[in-house]
Peer 1: 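This is the structure I want to talk about, given as structure tokens.
Worth saying up front: this structure is predicted, and the values here are computed from it rather than measured. Lettering follows sequence order; numbering is per chain, from 1.
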There are 2 protein chains.
Amino acid sequence: MSRATVSYVLNDTPHQKIPQQTRERVLEAAQRLAYSPSPAARSLRNGRSDLVLGVLKVGPIGSVVGALLNAMSTRFGTDGLTFAVHLHSPGLRPVSDVWKAVTPAAVVVLSGLDAAEQADLQRSGTPVLVSLSPAFTPHPLLDGSGTRVVCVEYASRAAAALQVEHLVATGHRRIAVVTLTDPQVRQLAEGRLDAALEAAHEAGLPAPHVVEVADDSPQAVAAAVRTWQAEGVTGVVTYNDEVAMAVLSAARDAGLRVPEDLAVIGLDDLPAARSAQPPLTTVGLDAEALADFVGRSVAAVLAGDPDVPEEPTTGFAHLVRRASA
Amino acid sequence: MSRATVSYVLNDTPHQKIPQQTRERVLEAAQRLAYSPSPAARSLRNGRSDLVLGVLKVGPIGSVVGALLNAMSTRFGTDGLTFAVHLHSPGLRPVSDVWKAVTPAAVVVLSGLDAAEQADLQRSGTPVLVSLSPAFTPHPLLDGSGTRVVCVEYASRAAAALQVEHLVATGHRRIAVVTLTDPQVRQLAEGRLDAALEAAHEAGLPAPHVVEVADDSPQAVAAAVRTWQAEGVTGVVTYNDEVAMAVLSAARDAGLRVPEDLAVIGLDDLPAARSAQPPLTTVGLDAEALADFVGRSVAAVLAGDPDVPEEPTTGFAHLVRRASA
DNA sequence: CTGAAAGCGCTAACAT
DNA sequence: ATGTTAGCGCTTTCAG
């Protein structure tokens, strides 16, 4: 019985007919010796490890990101890959440091890589690179780099469009869009704002009021809420649930009834949205569906499939209808 | 110029005198060819990679865990190691799956490994295993396994003791401890409760009222809050800030003034604690200090140091004094 | 169907 | 001071 035989049975190599008896002997021995193959040697030989690396910039991690990470971990586990997240500190150390620690099978960029880092990544030889970053553009000169780039729209266009469509469906014509100026969330905020404006345009609405606020406190939105009465704005789409709850609070202070005088729709479906006053209508994100799509794409590329699965046309968001809109 | 020479200059191998000129030639060539060493080959040769793996069970990730992850990432980066977190689904797949994807330099257990998994880990040959899990006991039979085990107390004993000590210092003698029965947080809740009871005992207090609640809603604590008036309880220590805020809310409903009628102290120092009514006195956790300690311990073990640094006697928590106690 | 053997890229011991 | 070389543990042709 040789190493090769062992390798075959342990890896279930197809088209290799190993007699059942040998097979069992191998398995039994492996079991008895608590044998487990060396990841390092396998990676060296195979050119890649079984690790899928998520990259995220350091910063507050909330329930939305948490759900995403959970979903990815669970999903990749189902096809023999291990998902791990690396939080990188932009400016402090280059992300490329990560590639001297591991040779991942795929990298999933969740946020915060700049153009140069993207290019490095494409050059790094990682088989698949999935980006959720709204502003990510694959480096055109690096097409033949061997890295397959997959971009997925998540938590911006489809979600913001749903917000607007719901207000339109419930009869609102003059709407406001509240966005955040915090540079930490700039990319996402811009993506959502753009999508909301586009959806409004497509629905034939007059150009929405765009309100930029610095944070999600009720004070920050109070002034805007008061002007809306005069402007005839009856529905408002917010950057996220936290901003929506600030609007709810400001509306109450201004003596407006929600949703009769002002309909408010958030985004993220945070746990707190359910217990808001009134319960917040919002758009929830489908972390599992996204993880599934990403998982299938990665598996397809690693298997050498020429084309990756189609992105679901519905996006990865759904309306959560409660009382506020 | 041979591979060895190159290896020496690239790794800054000590006690190898390489002429400056050769050195520069190597560096220049590496630069020009965008050379970067293969992690797989290095891990194979060195017996370990430069990756430190955090293990966490899947589940809601809040700001406390987020801060911990951020601190760890930043800290390990400073000594050439890369930190990544793996979220594992207990029951779904064995954690040991991870060791077929990577050979980490160290594993940091943040939560949720059972006894068998602990033992597997000690057997896996990972150089260092750091555990923050309050219930973690190194497997005694596996002492010679080559895995160095370091246990750190975080977010339980020292923190809960601080809560009690603050109430004692502000003159309270009859106190209540509110703990959570949610099985997801059992270990942590038990650790905190034990420590609080012990601290009360040491301070010579009568045995505290122990209140077990199922969740952190105001309803869940309302009944207990009402009985406290009759029992003469003047101070309450809670499992965390969320429970504390529920107590605050229930106290208000019961017509109690905080802190005059009832002093409340939380744990975690969530962002929301600052804007609670009244601002919540609480115990903050020192994620950076912990990360620093863990980082130093790991570095010491990897460097072959016989003894790891002393754990700071103050623990990794500090009092955040606001208005509620 | 199974055994032998060639490397994957790197480091450290050894020889020059 | 620099070059040569033996493996680390695995997968995969290639012969038998």
Side-chain angles (χ1 to χ4, degrees), chain A residues 1-30 33-51 80-82 96-97 99-105 123-127 146 302-304, chain B residues 1-30 33-51 80 82 96-105 123-127 146 302-304:
Chain A
M1 186 158 57
S2 75
R3 312 150 56 111
T5 316
V6 174
S7 184
Y8 286 144
V9 352
L10 259 31
N11 291 335
D12 269 329
T13 309
H15 307 307
Q16 288 289 344
K17 293 134 217 292
I18 309 281
Q20 193 57 33
Q21 195 212 349
T22 315
R23 199 182 202 79
E24 275 163 15
R25 256 190 337 131
V26 170
L27 260 20
E28 187 274 332
L33 303 174
Y35 168 86
S36 94
S38 142
R42 300 188 49 177
S43 317
L44 179 56
R45 183 62 239 234
N46 296 339
R48 62 176 182 83
S49 71
D50 287 341
L51 192 79
L81 296 169
T82 297
S96 58
D97 272 16
W99 323 134
K100 51 170 239 219
V102 272
T103 316
R123 238 187 313 262
S124 75
T126 306
L302 293 183
Chain B
M1 186 160 53
S2 76
R3 314 151 55 122
T5 314
V6 173
S7 185
Y8 287 143
V9 353
L10 258 31
N11 291 335
D12 269 329
T13 309
H15 308 305
Q16 288 289 343
K17 293 132 216 295
I18 308 280
Q20 195 55 34
Q21 195 212 350
T22 314
R23 200 181 202 78
E24 274 164 16
R25 252 185 347 128
V26 170
L27 260 20
E28 186 275 333
L33 303 174
Y35 169 84
S36 95
S38 143
R42 301 189 57 203
S43 318
L44 180 56
R45 185 61 240 237
N46 296 340
R48 61 176 182 84
S49 70
D50 288 341
L51 192 78
T82 297
S96 58
D97 273 17
V98 177
W99 322 136
K100 46 171 245 221
V102 271
T103 314
R123 237 187 312 263
S124 74
T126 307
L302 293 183

Peer 1: Between dC8(C) atom P and R45(B) atom CZ, what is the distance in whole Å?
Peer 2: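 Spelled out: CZ on R45(B) to P on dC8(C) is 17 Å.
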
Peer 1: Rounded to whole angstroms, how far apart are CZ on R48(A) and P on dT11(D)?
Peer 2: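 The answer, rounded to whole Å, is 12 Å.
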
Peer 1: Consider side chain to side chain contact (heavy atoms under 4.5 Å, CB included). Of V98(B), T103(B), L44(B), which one does P39(A) pass it with?
Peer 2: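 Of V98(B), T103(B), L44(B), side chain to side chain contact (heavy atoms under 4.5 Å, CB included) with P39(A) is met by T103(B) alone.
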
Peer 1: What pairs with S38(B) under side-chain hydrogen bond (donor to acceptor under 3.5 Å, both in side chains), at least two apart in sequence or on another chain?
Peer 2: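 side-chain hydrogen bond (donor to acceptor under 3.5 Å, both in side chains) list for S38(B), sorted by chain: empty.
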
Peer 1: Please identify each residue that fulfils side-chain hydrogen bond (donor to acceptor under 3.5 Å, both in side chains) with D97(A), with sequence neighbours left out.
Peer 2: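 Only R93(A) meet the side-chain hydrogen bond (donor to acceptor under 3.5 Å, both in side chains) criterion with D97(A).
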
Peer 1: Could you tell me the separation between the CZ atom of R42(B) and the C1' atom of dC10(D), rounded to a whole number of Å?
Peer 2: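 These atoms are roughly 20 Å apart.
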
Peer 1: Separation of L44(A) atom CG from dG7(C) atom P, in whole Å?
Peer 2: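 Going from CG in L44(A) over to P in dG7(C) covers 14 Å.
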
Peer 1: Taking NZ from K100(A) and C1' from dT11(C), how many angstroms apart are they, rounded to a whole number?
Peer 2: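 After rounding, the gap between these two atoms is 16 Å.
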
